[in-house]
Amino acid sequence: MEVNPNHAPTTVTLDYSPMTGEVRFPQAVWEQLRATLLADLSRETKCFVLCRTLESSGRVVFLAREVVPVPDEAYAQRSASLVETRPEFVHALLVRCAREGYALLDAHTHPWTTLPRFSGVDDRSDLQKFQTTQSMSPPFRHGSLVFGCDMSFEGRFWDYTREAMATITRLQVLETPPRTLYGTDCQPPDWTRTALAVYDRQVRAFGLEGQAMLSHLRVAVVGAGGLGSQIANALALLGVGHLLLIDPDRLELSNLNRVVGASYAQALRGWRKARALAQRLNRARPPGRRTVAPLPLDVRTREALAHLLSCDLIVGAVDSAVARQYLNTVAMCALIPYLDAGVGVRSENGRLAQGGGQVQVIIPGATACLACTERGIRQSVEEQLTPHQRELSIRGGYIQGEAIPNPQVVFLNGVVGNLLVWELVKLVTHCAPVQPYVYYDLPGQHVFPARAERNPNCLLCAAHPDSLLGQGLYGLMGYLAPRRAPKSKPIPTPRGG
C-alpha cells in the first residue's frame with residue numbers, strides 16, 4: 001500500500017474489493033443537509049454536496065465539505081414525485097468542481113417513504129449524468145443519494161474504470177458519538193454466533209449489536225510500547241475486527257517491564273515491537289479472527305498514511321508531540337475519529353512525586369482537536385490539582401503530550417490505556433455517554449474530566465472554508481512528494497437532473 005503522488009491529490013492506493021463507496025459528514029454539514037432536504041416534505045427537494053475523496057482500488061470515501069442548496073429559480077421541474085434542476089446551475093457546479101478539485105454528490109428526497117430506492121426515472125437520469133461527466137474523470141467523482149423522510153438513504157456513484165454504477169453502502173455522521181447509517185439493502189451481515197462462547201460476558205454488558213459493531217471495526221493503534229500494548233491487548237480481547245499496529249521500534253531488555261506479551265528471547269533478538277505484539281494477540285484470538293497486522297514503520301511515512309486512511313478509528317499511544325499532532329491532522333483531513341492518550345511519572349529522591357495521564361476523544365468537527373486544547377486543557381486540569389501537584393505538573397510537562405520522561409510503570413499504562421478503551425467502546429456501541437477529555441491523577445487515585453472546548457477559529461477543525469476539516473489529501477500534501485499536475489479536461493454541459 002502506498003500513496004501515489006503522481007495521481008490527483010485525492011488518490012490513495014489501498015486494497016479493497018469489490019468497489020464500494022461511503023460518505024463521511026461532519027456534524028455541521030449533516031445538519032445543513034438535513035435541514036435543506038426536509039424543509040418541504042410535500043414535494044421532492046434537491047441539493048448538491050461538494051466533497052473531497054479518498055480512493056483505493058476497491059473503495060471511494062466521499063468527505064463532505066459543503067452543501068449547495070438548489071434555489072427555487074434553478075429548478076426546471078419540481079413536484080411530489082419529480083425533481084429536475086436547470087442545466088446551467090449544474091454546469092456552474094461542475095466548473096467549480098474542476099477548478100477546486102471537488103467531487104460531486106447529487107442528493108434528492110423521496111419524502112413519502114422511510115425505505116428510499118432510486119426510481120426508474122432516477123436510474124435513467126443518473127446514467128445520463130454519469131456518462132456525461134465521464135470525460136472529467138479521473139480525478140472527478142460523481143455520485144447520487146436519495147433520502148427518505150427520516151434521512152434513510154440509498155446511494156451510488158460512477159465507477160469510471162468499469163463504466164458502471166457502484167454502491168454507496170453507508171454514511172457516517174460525525175456527531176458525539178458518531179452515527180453510521182446503512183443504505184437500503186446494505187446492512188452488514190449479522191455477527192456470527194459461533195464467537196458467542198468467547199464474547200458471551202461482553203454481550204451481556206452491551207448486547208449482540210454492540211459486539212457486532214466492535215467485530216466490524218478496523219482500528220489503527222499507533223505505538224506498541226507500554227501504553228500502546230495495553231490498549232491493543234484490550235481491543236483484541238474485546239473482539240475488535242481488525243487491528244493495525246504501527247511502530248518502528250525494536251524490543252530491548254528495558255522494555256520488558258511494561259510491554260504486554262514481549263518475551264525475553266524476543267528482546268534479545270531485537271524483534272520489532274509491533275510484530276511481537278501482533279503474534280501474541282493473534283494466538284489469543286479465535287480461528288478465523290487472527291486479524292492483528294503489524295506495520296513496523298514510522299507513522300509519518302507514505303505507506304503508513306495509506307494504512308491509516310483505511311481505518312475506522314485511529315488510536316495514538318506515542319510519546320512524541322510531533323507524531324501526536326500529525327495523527328490529529330490526519331484525523332481532521334480524513335474525518336476519522338481519533339483517540340489520544342499520554343502518561344507521565346515524576347520521581348524525586350527515589351519516591352514517586354507525581355504521575356498521571358490523559359485520554360482525549362476527538363471527533364472531527366464535533367469535539368475539540370489537539371490543536372484546540374493545546375492551551376486550555378492544562379489550565380482546566382490544574383484547577384483541580386493541589387498547589388504542589390500543579391507545580392510538579394508544570395515542571396513535568398506531560399499533560400499536553402511532551403516527551404514522556406522516565407521512569408515508566410506498567411500499572412499507570414494499564415489504567416490510562418483501559419480508560420481510553422472504555423471511551424472507544426462507548427464511542428462505538430453508544431452504551432454510555434462519551435467523555436471527550438479525562439485526566440487521571442496517579443497518587444490521588446482520582447479520575448476527573450477536563451474542559452475541552454473547540455476553538456471556532458482552529459485551522460484544523462473549525463467549520464470554515466479554509467480549515468483542513470474533510471480536506472482529504474489536499475490537507476496532507478506537505479507530507480507527500482510533489483505530483484504532476486493532471487491534464488485539464490473538458491467540462492460538459494448537463495441536460496439537467
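Computed from a predicted model, the values in this text were never measured in an experiment.
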| What do the steps show when you test Ile336 against Cys311 for side-chain contact (heavy atoms from CB on, under 4.5 Å), and what is the final call? | CA-CA 8 Å; Ile336 300 174; Cys311 292; 5.5 Å; no
| task | Can you sort out the partners of Arg141 under salt bridge (charged side-chain N to carboxylate O under 4.0 Å, His left out), two or more places apart, ordered by chain and number? | result | Glu55
| What side chain to side chain donor-acceptor pair (under 3.5 Å) pairs are there with at least one residue in residues 18-27, not counting sequence neighbours? | Glu22-Arg24, Glu22-Arg59, Glu22-Arg170, Arg24-Gln172, Gln27-Glu31
| task | Determine the interplanar angle of the Phe448 and Tyr439 rings, folded into 0 to 90°, and report it as parallel if under 30°, tilted if 30 to 60°, perpendicular if over 60°. | result | tilted
| query | Is the closest side-chain heavy-atom distance between Val146 and Thr109 below 4.5 Å? | reply | no
| In this structure, which one of Asp106, Asp126, Thr132 forms a side chain to side chain donor-acceptor pair (under 3.5 Å) with His142? | Asp106
| said: List the residues meeting side-chain contact (heavy atoms from CB on, under 4.5 Å) with Glu88, not counting sequence neighbours, and say none if there are none. | reply: Arg86
| task | Hey, could you give me the CG/CG distance between Leu243 and Leu217, rounded to the nearest 0.5 Å? | result | 8.5 Å
| message | Suppose we screen for side chain to side chain donor-acceptor pair (under 3.5 Å). Which residues come up paired with Asp247, at least two apart in sequence or across chains? | response | none
| field | Nearest heavy atoms of Cys372 and Ala368, plus distance in Å | value | CB-CB, 3.8 Å
| field | salt bridge (charged side-chain N to carboxylate O under 4.0 Å, His left out) involving Glu209 - partner list, sequence neighbours excluded | value | none
| field | Set of residues satisfying salt bridge (charged side-chain N to carboxylate O under 4.0 Å, His left out) with respect to Arg124, sequence neighbours excluded | value | none
| Residues Met151, Leu37; criterion side-chain contact (heavy atoms from CB on, under 4.5 Å); working and verdict | CA-CA 9 Å; Met151 294 302 285; Leu37 293 179; 4.2 Å; yes
| field | Ile231 vs Leu424, side-chain contact (heavy atoms from CB on, under 4.5 Å): CA-CA, chis, key distance, verdict | value | CA-CA 10 Å; Ile231 294 169; Leu424 185 148; over 6 Å; no
| side chain to side chain donor-acceptor pair (under 3.5 Å) with Asn457: which residues, sequence neighbours excluded? | none
| message | Show the nearest heavy-atom pair for residues Cys186 and Ile168, with the distance to one decimal. | response | SG-O, 4.5 Å
| Sidechain N-carboxylate O distance under 4.0 Å for Glu100, Arg65 | no
| query | Going by heavy atoms in the side chains, are Tyr75 and Val70 under 4.5 Å from each other? | reply | yes
| Considering all heavy atoms of both residues, which atom of Phe140 and which atom of Cys97 are nearest to each other, and what is their separation? | CE1-CB, 3.9 Å
| message | Restricting to side-chain contact (heavy atoms from CB on, under 4.5 Å), what partner residues turn up for Ala432, sequence neighbours left out? | response | Trp422, Lys426
| Sequence neighbours excluded, which residues qualify as side chain to side chain donor-acceptor pair (under 3.5 Å) partners of Thr367? | none
| Would Asp185 and Arg117 count as a salt bridge (Lys or Arg N to Asp or Glu O under 4.0 Å) if you check the C-alpha gap in whole Å, the side-chain angles of each, and the deciding distance to 0.1 Å? | CA-CA 10 Å; Asp185 298 332; Arg117 298 181 187 276; 2.5 Å; yes
| request: Look up atom CG in Leu305 and atom CG in Leu473, then write down how far apart they are to the nearest 0.5 Å. | output: 6.5 Å
| Near Arg78 CZ, under 6.0 Å, is it more than 12 heavy atoms from other residues, nucleotides or ligands? | yes
| message | Show the nearest heavy-atom pair for residues Ala220 and Leu308, with the distance to one decimal. | response | CB-CD2, 3.8 Å
| query | Nearest heavy-atom pair of Gly210 and Thr429: which atoms, and what distance? | reply | O-CG2, 3.6 Å
| message | Does Cys47 form a side-chain contact (heavy atoms from CB on, under 4.5 Å) with Leu33? I'd like the steps, not just the answer. | response | CA-CA 8 Å; Cys47 66; Leu33 177 73; 3.5 Å; yes
| remark: Shortest non-hydrogen pair, Val221 vs Gly228, comes out as CG1-O, 4.0 Å
| message | Can you tell me how far apart NE2 (His108) and OG1 (Thr85) are? Round to the nearest 0.5 Å. | response | 11.0 Å
| message | Students often mix this up, so state it plainly: with edges at 30° and 60°, are the rings of Phe153 and Phe147 parallel, tilted or perpendicular? | response | tilted
| said: Is there a side-chain contact between Tyr326 and Val299 in this structure, where contact means two heavy atoms from C-beta onward sitting under 4.5 Å apart? | reply: yes
| Contacts of Arg179 that satisfy salt bridge (charged side-chain N to carboxylate O under 4.0 Å, His left out) - sequence neighbours left out | Glu175
| message | Assess, by modelled atom type and distance only, whether the side chains of Tyr338 and Asp340 contain a donor and an acceptor separated by less than 3.5 Å. | response | yes
| field | Atom pair CG/CG of Leu235 and Leu420 - distance to nearest 0.5 Å | value | 7.5 Å
| task | Using the ring of Tyr474 (Phe, Tyr or Trp, six-membered ring only), decide whether Arg52 places NZ or CZ under 6.0 Å from its centre and within 45 degrees of its axis. | result | yes
| request: If the plane angle is over 60° it's perpendicular, under 30° parallel, otherwise tilted; pick one for Phe89 and Phe48. | output: tilted
| query | How many angstroms lie between atom OG1 of Thr373 and atom CG of Asn455, to the nearest 0.5 angstrom? | reply | 10.5 Å
| field | Sequence-distant partners of Thr113, side-chain contact (heavy atoms from CB on, under 4.5 Å), two or more places apart | value | His110, Leu115, Pro116
| message | Going by side-chain contact (heavy atoms from CB on, under 4.5 Å), name the residues that satisfy it together with His91, two or more places apart in sequence or in a different chain. | response | Val95, Ile491, Thr493, Pro494
| said: Checking Ser125 against Asp122: is there a side-chain donor and acceptor pair closer than 3.5 Å? | reply: no
| remark: Output for pair (Leu93 CG, Leu50 CG), nearest 0.5 Å, gives 6.5 Å
